[in-house]
Protein chains: 2
Amino acid sequence: MNITIKDIASIAGVSYSTVSKALNDSSLVKENTKRKIVKIAKDLGYEPNFAAQRLVSKNTKVIGLIWPTIERTVLATLVTKISNEMAKTPYSMILSVDPIQKSLDTFKKFQVDGVILFGENTLTEINPNSIPLISYGVSGKKNYHYPIIDANHMKAMDDAINYLYELGHRNIKYVGNISPTDPLQMEKYQGFTKAMEKYNISYTNEDILDTGGLDWYHGYHAVDKMLKSNHLPTAIVGGSYDISGGIIRSLKENNVHIPDEISVISYDNIPQMAHLEIPLTCIGVSVEELAEKIVHSAITLIETKKLDSEVTKMIPSLVERASCATVRNN
Amino acid sequence: MNITIKDIASIAGVSYSTVSKALNDSSLVKENTKRKIVKIAKDLGYEPNFAAQRLVSKNTKVIGLIWPTIERTVLATLVTKISNEMAKTPYSMILSVDPIQKSLDTFKKFQVDGVILFGENTLTEINPNSIPLISYGVSGKKNYHYPIIDANHMKAMDDAINYLYELGHRNIKYVGNISPTDPLQMEKYQGFTKAMEKYNISYTNEDILDTGGLDWYHGYHAVDKMLKSNHLPTAIVGGSYDISGGIIRSLKENNVHIPDEISVISYDNIPQMAHLEIPLTCIGVSVEELAEKIVHSAITLIETKKLDSEVTKMIPSLVERASCATVRNN
DNA sequence: TTGTACGCGTTATCAG
DNA sequence: CTGATAACGCGTACAA
């Protein structure tokens with residue numbers, strides 16, 4: 001078996017309750033003996049038994065993250081950031097990729113202090129009162145019983161269009177995945193059209209390019225087709241990181257110069273945007289901000305059991321890079 | 001506080017040790033009272049206290065997976081498969097994306113029964129005797145103290161070349177990332193050259209196309225350049241899933257028909273290969289097999305404390321799809 | 001077949 | 001300042 005405080009006690013010639021206090025840096029024990037005990041503990045390689053500690057009821061300083069859909073790259077970035085952010089706090093994080101309920105059970109067994117749920121899709125009836133829980137994802141219409149953090153996608157699109165408008169663009173196309181079953185995609189799409197109307201920029205169905213998917217080549221394909229039809233806008237709004245990668249690739253292949261001949265702005269505010277062939281101007285809530293907000297909300301919820309509002313929409317920001325320019329005067 | 005076996009005992013009118021036995025389906029308790037107790041437990045919504053259970057020393061039936069580099073998509077597939085495979089066993093899985101040592105500490109605290117390490121890169125000095133551990137990744141030269149599961153990349157390349165050889169190909173190019181700092185990439189590259197020599201197929205440096213990266217467009221670019229130089233082989237070996245995606249895209253763009261005009265075989269045996277523009281024939285250890293092997297090795301190690309060999313190289317297999325054909329007789 | 005009593009490793013509450 | 005001692009919730013020899 002492992003070494004316990006009793007072992008330490010006996011070799012230190014004190015009672016184990018004293019050892020416990022000493023190890024917890026209690027003020028109820030003389031500096032002298034405290035030091036002695038700590039030293040012995042270190043020498044013996046003592047490690048407290050977590051199970052025992054928790055049996056006397058205490059918090060674990062661990063937060064669980066439920067992440068059933070690990071294959072989406074964008075979320076991987078977010079998870080990394082969250083992990084980094086968490087590392088700055090006294091908390092650590094464990095993940096589960098199992099289905100929500102099973103993950104929840106596991107976490108409950110381990111008595112994590114709280115859980116973060118990446119609930120892109122379904123919000124099943126989960127027990128809200130059993131354990132502090134916040135969720136990141138689309139704030140659907142369903143009735144939820146826990147705080148939700150989400151990005152304001154509509155606002156993001158508005159900002160994008162506004163930005164392009166200021167640059168003089170009046171001929172703008174949206175290239176993204178128009179999937180009625182995916183609330184996130186729909187919100188971006190609707191954000192686009194709404195913004196276009198707001199800024200009084202005319203557009204038709206032809207200006208909405210449905211990629212039919214979220215991958216690199218979906219964006220590539222869509223733009224390729226567009227180029228062949230000779231309907232060149234002055235600016236493109238890309239629906240996501242991967243899609244935009246395909247967009248600029250296709251543009252480059254066809255010798256359409258960015259940003260001189262065409263401007264491109266992309267949704268998704270992640271650092272990788274800077275490392276594409278052309279550093280891409282983008283719009284969205286930055287993953288860093290998102291991560292920060294998520295972990296601090298979680299911790300606040302854990303420690304105060306109360307959060308300001310039930311659903312927070314994060315404000316997006318626009319990061320200017322090298323892919324947009326004022327429209328040329330012909 | 002939560003409800004305990006004592007509560008159940010008192011309302012059932014028995015001692016709590018009886019309850020304990022009943023709940024563990026012991027044969028030492030009459031069927032009748034057992035049923036009664038179980039029912040009460042269920043009615044009361046009793047949930048055993050995990051910490052207490054583990055305090056009396058028992059295994060957790062949980063395996064920890066350390067995965068510091070979550071951003072690599074291929075591994076995401078593997079993790080998913082592992083999770084699924086694990087679900088078939090009595091074990092469940094939790095992940096940590098923290099640095100290895102920190103992850104290990106966390107898992108040790110939670111007393112997981114064993115850990116799986118995705119140690120692509122560094123194998124720091126980790127305590128081998130403290131907790132059953134197996135690793136997946138490149139079997140480097142470093143001295144390790146734990147079982148390693150790896151894929152036999154050399155063999156995979158050999159199989160690929162052999163396959164193409166049988167189809168009559170004598171003009172084969174390798175398109176992959178030649179990165180001296182990445183052991184995995186080097187092993188694939190060397191596997192290619194070695195196999196070419198073995199089958200007596202002549203090749204020059206021109207036949208090794210260094211993509212300079214692992215992404216989609218790296219493969220795209222390399223092939224595009226190749227096509228412009230008019231050095232067309234009869235077959236291409238793609239170095240990885242993403243790269244191959246770019247390869248076939250480029251080929252298609254340039255109206256080089258697969259497989260009539262050129263055959264393509266790719267490294268990485270993952271199901272997604274079937275969903276590319278052209279269902280790709282591929283080579284490598286299938287993720288399913290890999291996942292299966294990994295979880296069963298882990299469990300074996302946990303339950304018997306002994307594994308057959310220290311490092312197992314998984315045998316790759318070739319999956320025929322629509323991207324290879326016999327070379328045309330001109 | 002059921003109950004008693006002890007131990008698992010810690011923390012916390014009291015007395016000294 | 002230090003040391004007993006009682007929890008915490010459960011499993012398990014040992015008794016009954």
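The chains referred to below are lettered A, B, ... by the order of the sequence lines, with proteins before strands, and numbering in each begins at 1.
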Using heavy atoms to find the nearest nucleotide of DNA chain D for B/Leu28 and B/Leu55 separately, return the residue whose nucleotide is more 5′. B/Leu55
Counting the atoms with a prime plus P, OP1 and OP2 as sugar-phosphate, which does A/Tyr46 contact under 4.0 Å by heavy atoms, base, sugar-phosphate, or nothing? sugar-phosphate
Whole-Å gap separating P (D/dG11) and CD1 (B/Ile5): 6 Å
Side-chain N,O (A/Asn24) to OP1/OP2 (C/dT11) below 4.0 Å: yes
For the side chain of B/Ser15, starting at C-beta, report the closest nucleotide among C/dG9, C/dG3, C/dT2. C/dG3
Nearest whole Å is fine: how far is D/dT12 P from B/Lys21 NZ? 10 Å
Which nucleotide in the list D/dC10, D/dT2, D/dG3 gets nearest to the side chain of A/Lys30? D/dT2
Residues A/Ile82, A/Leu290; criterion side chain to side chain contact (heavy atoms under 4.5 Å, CB included); working and verdict: CA-CA 8 Å; A/Ile82 289 182; A/Leu290 213 44; over 6 Å; no
Within the 4.5 Å heavy-atom criterion, are B/Phe118 and B/Leu65 side-chain neighbours or not? yes
Taking only side-chain N and O atoms of A/Gln53, does any of them lie within less than 4.0 angstrom of OP1 or OP2 on C/dG9? no
Of the listed nucleotides D/dT2, C/dT10, D/dG11, the one nearest the side chain of B/Ser20: D/dG11
Between the side chains of A/Glu47 and A/Lys42, is the shortest nitrogen-to-carboxylate-oxygen separation below 4.0 Å, so that they form an ion pair? no
Atom-pair distance (NZ on A/Lys6; C1' on C/dT10), nearest Å: 10 Å
What is the separation between atom CG on A/Leu23 and atom C1' on C/dT10, rounded to the nearest whole Å? 11 Å
Pick base, sugar-phosphate or nothing for A/Ser17, based on heavy-atom distances below 4.0 Å to the nucleic acid. base
Give a yes/no answer on whether the side chain of A/Tyr16 brings an N or O atom under 4.0 Å of OP1 or OP2 in C/dA12. no
Taking CG from A/Asp7 and C1' from C/dT10, how many angstroms apart are they, rounded to a whole number? 13 Å
Where the side chain of B/Val56 is concerned, which of D/dT2, C/dG7, C/dT11 is the nearest nucleotide? C/dG7
Classify A/Glu47 by what it touches in the nucleic acid, base, sugar-phosphate, or nothing, heavy-atom distance under 4.0 Å. sugar-phosphate
Closest listed nucleotide, where the reference is the side chain of A/Val29 and the choices are D/dT2, C/dT1, C/dT10: D/dT2
How close or far is atom P of D/dC1 from atom NZ of A/Lys34, stated in whole angstroms? 9 Å
In this structure, how many angstroms lie between the P atom of C/dT10 and the CZ atom of B/Arg54, rounded? 13 Å
Given the rule in the salt bridge (Lys or Arg N to Asp or Glu O under 4.0 Å) test, do B/Lys109 and B/Asp105 qualify, once you have shown the distances and angles that lead to the verdict? CA-CA 6 Å; B/Lys109 285 196 337 184; B/Asp105 290 344; over 6 Å; no
Are the side chains of A/Lys21 and A/Lys34 in touch, meaning some heavy atoms are under 4.5 Å apart? no
To the nearest Å, how far apart are A/Ile8 CD1 and C/dG9 P? 12 Å
